[in-house]
Amino acid sequence: MEFKSYSAVQWGVGLLVLFSLTLALHFGQALFLPLVIALMLATVLWPPVQYLTHRFHLPRSVSSVLVILALVLVSAVGILGAVVAVQDIVSDLLRVENQEKYYRKLREAIASINIDLANQLLPVPPPRVERQEGKKEGQEATVPRDSQAAAHTQSSVTGAGGPTASGSEPPPSPGSIVLPEDPQLYRQYMENSVLFTTTRQFLEQQANRIPEYLRTLSVQVVLILFLVLFLCVDGEVLIHRTVEIFGPSTGPDGSAAARALREMARHIRSYLVWRTVIIVGMVIVLGFLWKLLGLKQPWLWAVVAGILTFIPYLGPIIAGIPPVLDALVTRDLNTAAMTLLLYTIVIVLEGYVAFPLVLGRQMEMNATTILIACLFWYIIWGEIGLFLALPLMAGIKAICQNVPGWQPWANLMGSGENKNAQNASVANG
C-alpha cells in the first residue's frame, strides 16, 4: 500500500479550506442547520415514500405529504404527553404540603450522606406550621407573623392592578405565573438554600423565555417540514444532478460520487432508525423499572433518558439525575441507590451490547473521534450540534470509505481494524 505525501502548501490549503468551511457552518447556522436536519429526515422518510409511491401508485407528492403528516401526528402526540406530564409535575410541586414533604425528605437523604453538605445546600427546616383544626371553609390557617406580612406585601403589589407607592406595576411575567411566589412555605429558608435558589432562578429564566422559544421553534419546524417535503418530492432528480456535478456515472456501480451518496444515505438511515429502535426498547425497560420502584413520574424520566441518550457521554449522565431525585424525595435512599444501579446497567447494555450488535462494527467510531465530533459540532451549532454529531460523523465516515484515497481517514475514525476498508485502500493503491 502506497501512501501519498503532501507538501506543506497542500496541507496549508487543506487547513484553510477546513477553517473556511467551519466559519461558514457557524455563521450560516440559520441556513445550514435546518437543511442538515431536513436532509436527515428525508433520508429516513425516503423508504416509506418509495413504498407508497410504487405499492399504491400514488403521485410522489401525495406520498410525501402523507408520510410527513404521519410524522407530525406522532410527534404531536408525544409532545402533548410530555406537556401533560410536566404540567402534573409543576402542579404537584406548587402544593404547599408536597413542598414541605419533599424539602424534608431531600434534606434527610443528603444529610445521611454528608451532614455538612446538607447544611450548605438545604438549611435546617423550620418547625411545622400549626394549623387550626375544624376551621370553617374560607378561614385562613395560622401562619407565622412574618409570613403574613410578606403575603400582605405581595398582595398589595400584585392585587387589583392598582397603583402603589412605586407606581403602576407591569403585568406578571410568564415565569411568575409558572413559578409563583409562596410566602407561606419556608420563605426565609428557601432564600438561604443554594440548591433551591439556583434552581428557581434557572427555571424562572427559562419560563420567561418560553414565548421566544415557541416562536423560534415554530418557524424552524415549518421551514424544516417544507424542506423535507421538497427533498422527498425532488430527491431523485437532485441525486442525479449532484452526481453529474462530480462526474458522470462509470461502471456497474456508478461513479465514486454516486457510491458515496448511496452509502452516506444508508449509514445515516441505519444509524437513526436502528438507534431509535434501540432507544425505544430502552425507554420501555426503564419505564417498567421505574414503575416497579414506585417513582412518581416513571415514563417521563424514561422518555427524557431516551432523548438525551442521543447525546454521547454527557446525555446519559444528565438523564440519570431526575429519576434519582424522584426516588429520593418520593421514596427513600435505598430506592434511589437501586434506581441509579439499574439505570447504569441499562445504559451500559444499550451502549456496549445492543448498539454494536444491531448496527455492527462498520458503524462504530472510536472514543476519540466521538469526543472530538461532539466538541466540534457543539462549538458550531450548540446543543443541537450534540444531537447531530454522531449521524453527521457516520455520513462523513461513509463518504471517506467510498472516495478513492480517503479510506485512511475512515480507518482513523473507526473503532478497530476495518478489513474491508483496508482492502479497498490497497486496491486503490
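Along the sequence shown, residues are numbered consecutively beginning with 1.
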Take the angle between the ring planes of Phe56 and Tyr51 and call it parallel below 30°, perpendicular above 60°, tilted in between. perpendicular

From Ile68 CD1 over to Ser63 OG, what is the distance, rounded to the nearest 0.5 angstrom? 11.0 Å

Partners meeting salt bridge (Lys or Arg N to Asp or Glu O under 4.0 Å) with Glu212 (sequence neighbours left out): Arg209

Donor-acceptor pair, distance only, cut-off 3.5 Å: does the side chain of Asp326 make one with the backbone of Pro298? no

Ignoring hydrogens and geometry, is there a side-chain-to-backbone donor-acceptor pair from His26 to Ile380 under 3.5 Å? yes

I'd like to know if the side chain of Trp381 and the backbone of Leu25 have a donor-acceptor N/O pair within less than 3.5 Å. yes

Which is it for Leu69 and Val65 under the side chain to side chain contact (heavy atoms under 4.5 Å, CB included) test, yes or no, and what are the steps along the way? CA-CA 6 Å; Leu69 287 178; Val65 170; 3.9 Å; yes

Can Glu263 and Lys397 be counted as an ion pair, charged N to O under 4.0 angstrom? no

When you compare the side chain of Val348 with that of Ile345, does any pair of heavy atoms fall below 4.5 Å? no

Do Met40 and Leu388 have side chains that get closer than 4.5 Å, going by heavy atoms? yes

Take Leu217 and Tyr213, measure what side chain to side chain contact (heavy atoms under 4.5 Å, CB included) needs, and give me the verdict at the end. CA-CA 6 Å; Leu217 182 62; Tyr213 288 149; 5.9 Å; no

Could you tell me whether a side-chain N or O of Asp234 sits under 3.5 Å from a main-chain N or O of Val237, the two making a donor and an acceptor? no

Apply side chain to side chain contact (heavy atoms under 4.5 Å, CB included) to the pair Leu286 and Trp301, showing each step before the final yes or no. CA-CA 8 Å; Leu286 287 176; Trp301 306 141; over 6 Å; no

Please report the interatomic distance CD1(Ile396) to NE2(His267), rounded to the nearest 0.5 Å. 12.5 Å

Identify the heavy atoms of Ala38 and Ile224 that sit nearest to each other, and give their distance. CB-O, 4.0 Å

Spacing of CG belonging to Leu314 relative to CG belonging to Leu308, to within rounding of 0.5 Å: 8.5 Å

Neighbour count >12 (heavy atoms, 6.0 Å) for atom CD1, Ile384: no

Should we count OH of Tyr378 as having more than 12 external heavy atoms under 6.0 Å? no

Can you see whether Gln50 engages Arg60 through a side-chain donor-acceptor pair at a distance of less than 3.5 angstrom? yes

Value rounded to 0.5 Å, distance of OG in Ser64 from CG in Leu52: 9.0 Å

Please report the interatomic distance CG(Asn411) to CG(Asn366), rounded to the nearest 0.5 Å. 11.0 Å

Kindly give the heavy-atom pair with the smallest separation between Ala336 and Val324, and that separation in Å. CB-O, 3.9 Å

On a heavy-atom basis, the closest approach of Ile347 and Met282 is CD1-SD, 3.8 Å

Phe387 versus Ile311: any side-chain heavy-atom pair under 4.5 Å? yes

Nearest 0.5 Å please: distance from the SG atom of Cys400 over to the CD atom of Gln407. 9.0 Å

Is the shortest side-chain heavy-atom distance between Pro47 and Arg269 below 4.5 Å? yes

Heavy atoms of Arg275 and Thr309 approach each other most closely as NH2-O, 3.3 Å

Would you say the side chain of Val221 lies within less than 4.5 Å of the side chain of Leu225, judging by non-hydrogen atoms? yes

Within the 4.5 Å heavy-atom criterion, are Leu39 and Leu227 side-chain neighbours or not? no

Assess whether atom CH2 of Trp409 is packed by more than 12 heavy atoms of other residues, nucleotides or ligands within 6.0 Å. no

Can you tell me if CZ on Phe19 sees more than 12 non-hydrogen neighbours from other groups inside 6.0 Å? no

Report yes if the side chains of Leu66 and Leu58 come closer than 4.5 Å at any heavy-atom pair, otherwise no. yes

Among Thr335, Asn334, Leu342, find the residue that satisfies the side chain to side chain contact (heavy atoms under 4.5 Å, CB included) test when tested with Met338. Leu342

Within the structure provided, determine whether Val233 and Leu229 are in side-chain contact (heavy-atom separation under 4.5 Å). yes

If you look at every heavy atom in Ala305 and Tyr343, which pair is closest and at what distance? CB-CE1, 4.1 Å

State whether the number of non-hydrogen atoms from other residues, nucleotides or ligands found under 6.0 Å of Trp406 atom CH2 is greater than 12. no

If you compare all heavy atoms of Met393 against all heavy atoms of Ala373, which two are closest, and at what distance to 0.1 Å? CG-CB, 3.3 Å

